[in-house]
Amino acid sequence: MSPSGRRERPREPSLDPCGRRSSETIALPGRGTLQLLQCSRVSSPFVEILPRMRARDLSLFTLKETPAEAELVSHRLMLRAGLIRSLSQGLYTWLPLGLRTLRRVERVVREEMDRSGAQELLMPAIQPAELWQESGRWDKYGPELLRLRDRHDRPYCFGPTHEEVITDLARRELRSYRQLPVAWYQIQTKFRDEIRPRFGVMRAREFLMKDAYSFHRDETSLADGYEKIFAAYSRIFTRLGLDFRAVRADTGSIGGRSSHEFHVLAQAGEDLLALSDSGPYAANVELAEALSVLPGRAPPTQPLTRVPTPGIRSCEDLARHLGIPLEKTLKTLVFVRETSAGPRLALLLLRGDHTLNEVKRAKVPGLEEARYATEEEIRRELGAGPGSLGPLGVDLQRVLVVADRTAAAVSDFAVGANEDGYHDTGVNWGRDLPEPTVADLRTVVDGDPSPDGRGRLRLQRGIEVGHVFQLGTQYSERMNATFRDEDGSERVFWMGCYGIGVSRIVAAAVEQNHDERGIVWPAAMAPFDVALAPVSSQSDTGVRRAAESLYDELRSRGYEVLYDDRELRAGVMFADLDLIGIPHRIVLSPRLLAADKLEYVARRGSASRELRRDELFRLLEDDRRRDPAL
RNA sequence: CGGGGCAUGGCGCAGGCUGGUAGCGCGCCUGCUUUGGGAGCAGGAGGUCGGGGGUUCGAAUCCCUCUGCCCCGACCA
């Protein structure tokens, strides 16, 4: 057949465009005809409009070369496989192939949310400013909130989240404890004007999110609802085939009580997680509890000595200069806190090899609103500059001294002398200076003892794909959202909120499932289940006919099949299908056909196998049964 | 917002310092050959070199300015 005949290649008259022997055709007034198919996946007569699953009818925009803008593997592969295209900073178009995957993620999320008892609804993306002013977030949220004005000059925002709208709905519609508890969710486009969007849809400004909110009569019911959603999330990420962990999380700006994040483990992750190597403990390092790494404090053995240390500023320099281990030095960080008597300094002491955790600092009583001191403030109070600061001899009436648990357990340590160019060595708490206030101040490091006493903490990177919060009553109180309780009293709702980054999941999945040839989709979110690849189909009618018939058979067995009818060279076709990452590939060729065989190869790994038709169907069936997602 | 970089056919890049008629690979179109891992040969189309201003006989190249995008830090699904 001549290449020019490609476009108008006549279809087999006995086959419809789906490869079926016959199909029903109905006429639509003024709009041509529609072909209807019987779908045997469902037992009741079920008709569906012909889906576009032939490669020639699908906009497959694969790229041989990587666009220069993409840094991260998932971003590169999503562009190359033709899942997404960028429109502008942090804004992406989902191409037909990518949208299929996005929809499959949505489907799993919907099914599990529904199963948990939550009900789907859909709220406006644009929200009036008044609601945000009522909750107090109009001023608090900052530049991340995209603010708009309509033609009447009334202020609105494009919703980055929907606590206000849902609370407003609840206070209007929920009046009695009899209507509680209730959980509502939606899957919707959100916009957050991120400081720095990056990594494709991983951190886009516009993204697809599943957000859920629950309303309860009391704290117990809230804890109960939280558990249910937590379980639903675990099922969702399991079904999606992701390697994930739920970790304790900081409640951050949203506030509230208990909170967990769900992370997909991946090197490219932006979060650091602390996971116990032999127990259940798992937390974001932002709040992972740091125990003292020392068994106890050893008794003093050295005399307090002041030594000259010209030009020494860091603990590393100090340790090298004095020839002592870094673990025998303490660093002093100076903060300013507001007190009733005016601004006062606070010294935070950490062991030389440890770093301050700002989230923890903000939880120390008296230091919630503290800030780093300026050099001028430090000199005025301590008489020396950064590099030579320490806790010795400070006026404890004026200065608060807080030591990290480990720092408080060090003996015979070296620390700044509050005299430029000098440090003290052989310093001991209790002997040379008063015992400090002790707090958990530092960020955990790999190998720290696990806070639950079981094993050691290992640090791993994760991509946050879900977050669950027990909000409590802050929104309901601010927005006066109340119901009538059993005893006739008026009470505010106890609320929970729960998010899943639907579009981010796609990127996270690619990050976790790829090889040098392209994406290797987990079954549940693959854009197609099976790729059908006929070789030499342009010259061999038999191959084409067999492909059409197999395509038909697979579809009738409920598989979503990408039939590659592009009549490309085998190498090009295989490279494309590998890049796209469809789990199962079936090859047809004249040689195979003559032997009455098909070639099967799984995208994930193993070598190809030559099978008979019935063997192939059994293999696919077994695979489907093994995978809980399908 | 601070720091760094980039902008040249659809994609990936060279050219720029030293101004003088814009080039390579891939892709695309046509024809012939080829046909199981990104084919070969021949022919062809496609670029106001991100926008504006300036210097110059002459600017992709030098100067000014604006815009967009990417990377590194403070945010979050």
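Chain letters run A, B, ... following the sequence lines, proteins first, then strands; residues in each count from 1.
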Problem set entry | Pairing pattern in dot-bracket form [Watson-Crick, G-U; both distances under 3.5 Å; | = partner strand] for RNA chain B | (((((((..((((......[..)))).((((((.....)))))).....(((((..]....))))))))))))....
For this session: Give a yes-or-no answer on whether the side chains of A:Y213 and A:T167 include a donor-acceptor pair shorter than 3.5 Å.
Result: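 On atom types as modelled, these side chains do not qualify, holding no pair under 3.5 Å.
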Problem set entry | Set of ring-ring contact (aromatic ring centres under 6.0 Å, His included) partners for A:F244, sequence neighbours left out | A:F237
Problem set entry | A:E112: which of A:K210, A:R239, A:K228, A:R107 passes salt bridge (Lys or Arg N to Asp or Glu O under 4.0 Å) | A:R239
For this session: May I ask you to list the residues of residues 189-201 of chain A, by number, that have any heavy atom positioned under 4.0 Å from an atom of RNA chain B?
Result: A:R192, A:E194, A:I195, A:R196, A:R198
Exercise. Quantified in whole Å, what is the C1' atom distance between nucleotide B:U61 and nucleotide B:U8?
Worked result: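 It comes out at 11 Å once rounded to the nearest Å.
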Exercise. Mind checking the P distance from B:G15 to B:C72? Whole angstroms is fine.
Worked result: 26 Å
Spacing between [X] atom [atom1] and [N] atom [atom2], to the nearest angstrom:
X      : N     : atom1 : atom2 : value
A:L77  : B:C11 : CG    : P     : 19 Å
A:F262 : B:C76 : CZ    : C1'   : 17 Å
A:E270 : B:C75 : CD    : C1'   : 10 Å

Distances under 3.5 Å between nitrogen or oxygen atoms of protein and nucleotides 12-16 of chain B:
{"residue": "B:G12", "atom": "OP1", "partner": "A:A68", "partner atom": "N", "Å": "2.7"}

For this session: With heavy atoms under 4.0 Å as the rule, sort A:V587 into base, sugar-phosphate or nothing.
Result: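 Since a base atom lies under 4.0 Å of A:V587, the category is base.
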Problem set entry | Name of the residue among A:R203, A:R461, A:H263 meeting side-chain hydrogen bond (donor to acceptor under 3.5 Å, both in side chains) with A:E270 | A:R203
Problem set entry | Rounded distance [0.5 Å steps], CG in A:L208 versus CD1 in A:I500 |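 Rounded to the nearest 0.5 Å, the CG-CD1 separation comes out at 11.0 Å.
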For this session: Go along nucleotides 37-47 of chain B 5' to 3' and tag each nucleotide: B for a protein heavy atom under 4.0 Å from its base, S when only backbone or sugar atoms are that close, - otherwise.
Result: BBB--------
Exercise. Should the pair A:R137-A:E163 be classified as a salt bridge under the 4.0 Å nitrogen-to-oxygen rule?
Worked result: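 Yes, A:R137 and A:E163 are salt-bridged.
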Exercise. OP1 or OP2 of B:C70 less than 4.0 angstrom from a side-chain nitrogen or oxygen of A:Q89, does that happen here?
Worked result: yes
Exercise. Residues two or more places apart in sequence or in another chain: which of them pass salt bridge (Lys or Arg N to Asp or Glu O under 4.0 Å) with A:E516?
Worked result: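 Salt bridge (Lys or Arg N to Asp or Glu O under 4.0 Å) check on A:E516 returns nothing, list empty.
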